[in-house]
Protein chains: 2
Amino acid sequence: MSRIPGRVPTAAPTLADVAELAGVSRQTVSNAVNNPDLLRADTLVRVQDAIEELGYSPNRAARNLRTRSSHLIGMRMSPGQEFTANAAIDRFVHSLVETTGEAGYHVLLFAGDGNDPLRGYDDLLRSTAVDAFVVTDTYLGNPQAAWLRERRAPFVSFGRPWDDPDATHPWVDVDGAAGTELATRHLLDKGHERIAWIGWRKDSFIGEDRRAGWSRALKDRGLSTTGMASRVEDTVNSGREASAVLLDEARPSAFVCASDTLAMGVLHTLADRGLRAGADIAVIGFDDSQVAQVVRPGLTSVRQPLEDAAIQVVDALEGLLAHPPRVGPGILLAPTLAVRGSS
Amino acid sequence: MSRIPGRVPTAAPTLADVAELAGVSRQTVSNAVNNPDLLRADTLVRVQDAIEELGYSPNRAARNLRTRSSHLIGMRMSPGQEFTANAAIDRFVHSLVETTGEAGYHVLLFAGDGNDPLRGYDDLLRSTAVDAFVVTDTYLGNPQAAWLRERRAPFVSFGRPWDDPDATHPWVDVDGAAGTELATRHLLDKGHERIAWIGWRKDSFIGEDRRAGWSRALKDRGLSTTGMASRVEDTVNSGREASAVLLDEARPSAFVCASDTLAMGVLHTLADRGLRAGADIAVIGFDDSQVAQVVRPGLTSVRQPLEDAAIQVVDALEGLLAHPPRVGPGILLAPTLAVRGSS
DNA sequence: GCTCCCCGTTGGAACGATCAAGACCTCGGG
DNA sequence: CCCGAGGTCTTGATCGTTCCAACGGGGAGC
């Protein structure tokens, strides 16, 4: 009996308490919880009844200490920003939490230091607070992936290792090019032939990837992309200005954009000029954000399968944490197109 | 020496390793970490050097086991939804993670079961996986608060205990009425006298609170609210229809809405009728969402001080977890108004 | 010179679980 | 009849930290 006589009744019951009540040893209770098939059927029932009666749950700290694992997945929240990108990340986090929960894991969020992206990872890793990480901002070309690999920290990245094509860590990503290609084909099928692109500056891997899909779709139909593209900052105003210039100089009948933010800029330009989105000029955005859903007349947008992505990430994590570890190839998911009034 | 000779060098160093290197006992190292002022200055330096050299971090599981605390704050993510409300929650979570991090805590997210809102809380509580909870959806009138209090689980709610005015748990909330009053006064100051309200159905405490601010502002100026209000579902279409009816029947020159979603509906109606938001009819939303920022011509919106709210929540949590616990009164924060083109 | 006190330090025990190995029983084969 | 195998349960040790009570040295006071 490990309990001190007179102990307050609110204290949580331990393995030993259950063992005593069921008339078995601690180890047997432990087995009942973790390896039920090792027990004889009637013993199992007896132990389970005792667990039920006492309302016993294994103490996480003790289990973590012994097994050297916490069943926690660490994820860094990128530091404060008011911008578009994080809406998608938040949707991903939601899905991730649900999926990890089903797999018996929880998600631990920690804050990122803007100056030192490694800070935080290091602490959690050395104090064995998490079993693995999910990394979401590899696209910055930041040193996280290399650093984590060097420390032998298990992690899965949501986002391709753009700058290191033969990186060996597991990753899951959405095929941005396939998304914009889908969007562009959708417009081609509607009869558009002059389809412009508004994307991000050339140093963005993701931006160039998305642009490639637009370019590929046009070239497949033998159409030229010359003069039909613009690369700007990811702001509404940039989209507005870029689309104004393109309308004057290239006379497109449709726009494909690297983000919903840029697409909103296009919608502004159309409104400025008395043109109707959808009817006169088609517009397609990227991310299927809240904005795309509520704006008039509805913004057609490429939708990332973030729920699937979360499932794949958790799957890869489970492989990584298995004995022996299973590590599969990178996984690329195809986005879909949410069609609305603007196309 | 607790280390097995030949142990793999990647294994994390322990307190005993540091103690041996520094030539002191375990307890002294522990004190160096937790109560540095108990040590003589030169000893402290020696221990800190050893810690530095080995790259030691205390093992979280062992510490948690001994101290019966995890330094984790649990927060339940409400189950999958594609709606407006969670954008604000996500912004709150961001701030919460940053603030808890500064206080030495981390945030553990867990998934909510739609059917049984208590599921999840129970597990984490009994297995001592978290020290406390942050509860965000008290407004549903769900049983969490009562349940948690009964279990003596420390928690702070973001949201007032609407249905139980003399609840004793700490809470932090944003004064919605103050926000809509601010919005309405802003319109009054611009010369508007016929200001309509579009809000949520009567069974929403939050909706009624926000409505009260509008009503109060009008009555303070001796203006009537009769026939100027509509209560509908929180969708764009509802806002659109409600505003169409109000325009016909009450001829308002301005709208105050319980959400940006409803305000978007108003903007749609104005566009349908060739009216210009801001110039012809003023519109104000609530939450200062992404949408408000990018829509044309910019939607004036009540902005909740979620960063402050997170700070207050963490402050309340620290009080709750102190010895002895300090529990302060509920805290109501005043929102601000983000003024844009629509007003 | 002795005691007392204080400060810094020490070894042992405890937190609650799992791991490793052994004990006991039953059963079948030589 | 004895032995080994396999299934079931028990015992002792251990994970890495902090709590507890006790210990030793040095200065102040008598």
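Just so you know, these numbers come straight off a predicted model, no measurement behind them.
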What is the distance from [atom1] of [X] to [atom2] of [N], rounded to the nearest Å?
X       : N      : atom1 : atom2 : result
B/Asn59 : D/dT18 : CG    : C1'   : 13 Å
A/Arg68 : D/dC15 : CZ    : C1'   : 6 Å
A/Leu38 : C/dT18 : CG    : C1'   : 13 Å
A/Asn31 : C/dA20 : CG    : P     : 13 Å
B/Arg60 : C/dC15 : CZ    : P     : 23 Å
B/Arg66 : D/dG16 : CZ    : C1'   : 11 Å
B/Asp42 : C/dC7  : CG    : P     : 17 Å
A/Arg63 : C/dG16 : CZ    : P     : 15 Å

Check the phosphate of [N] against [X], side-chain N and O only, distance under 4.0 Å to OP1 or OP2. Yes or no?
X       : N      : result
A/Asn34 : C/dT18 : yes
B/Ser25 : C/dT10 : yes
A/Thr14 : C/dC15 : no

Indicate, with a heavy-atom threshold strictly under 4.0 Å, whether [X] touches base, sugar-phosphate, or nothing.
X       : answer
A/Thr28 : base
B/Thr67 : sugar-phosphate
B/Arg26 : base

Which nucleotide sits closest to the side chain of B/Pro58: D/dT11, D/dC20, D/dT17?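 The answer is D/dT17, which lies nearest to the side chain.
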
Choose from C/dA17, C/dT9, D/dT17 the nucleotide whose nearest atom is closest to any side-chain atom of A/Tyr56.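 Selected nucleotide: C/dA17.
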
Going by distance alone, is a donor N or O of one side chain under 3.5 Å from an acceptor N or O of the other, for B/Asn64 and B/Ser70?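 Their side chains do not contain a donor-acceptor pair, so the 3.5 Å distance test is not met.
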
Which pairs pass salt bridge (charged side-chain N to carboxylate O under 4.0 Å, His left out) with one or both residues in residues 40-51 of chain B, sequence neighbours excluded?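 Those involving residues 40-51 of chain B are B/Arg40-B/Asp42.
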
On DNA chain D, check which nucleotide each of B/Leu65 and B/Asn35 is closest to and give me the residue with the more 5' one.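 First, find each residue's nearest nucleotide; the 5'-ward one identifies B/Leu65.
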
Quick one: list whatever passes salt bridge (charged side-chain N to carboxylate O under 4.0 Å, His left out) with B/Arg60, sequence neighbours left out.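 In terms of salt bridge (charged side-chain N to carboxylate O under 4.0 Å, His left out), with neighbours along the sequence ignored, B/Arg60 is linked to no residue.
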
Can the ring centroids of B/Phe110 and B/Tyr121 be said to lie less than 6.0 angstrom from one another?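 Yes, the ring centres sit under 6.0 Å apart.
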
Does this structure show an ion pair linking B/Arg91 with A/Asp90, if we count only N-O contacts that are shorter than 4.0 Å?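 No, B/Arg91 and A/Asp90 are not salt-bridged.
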
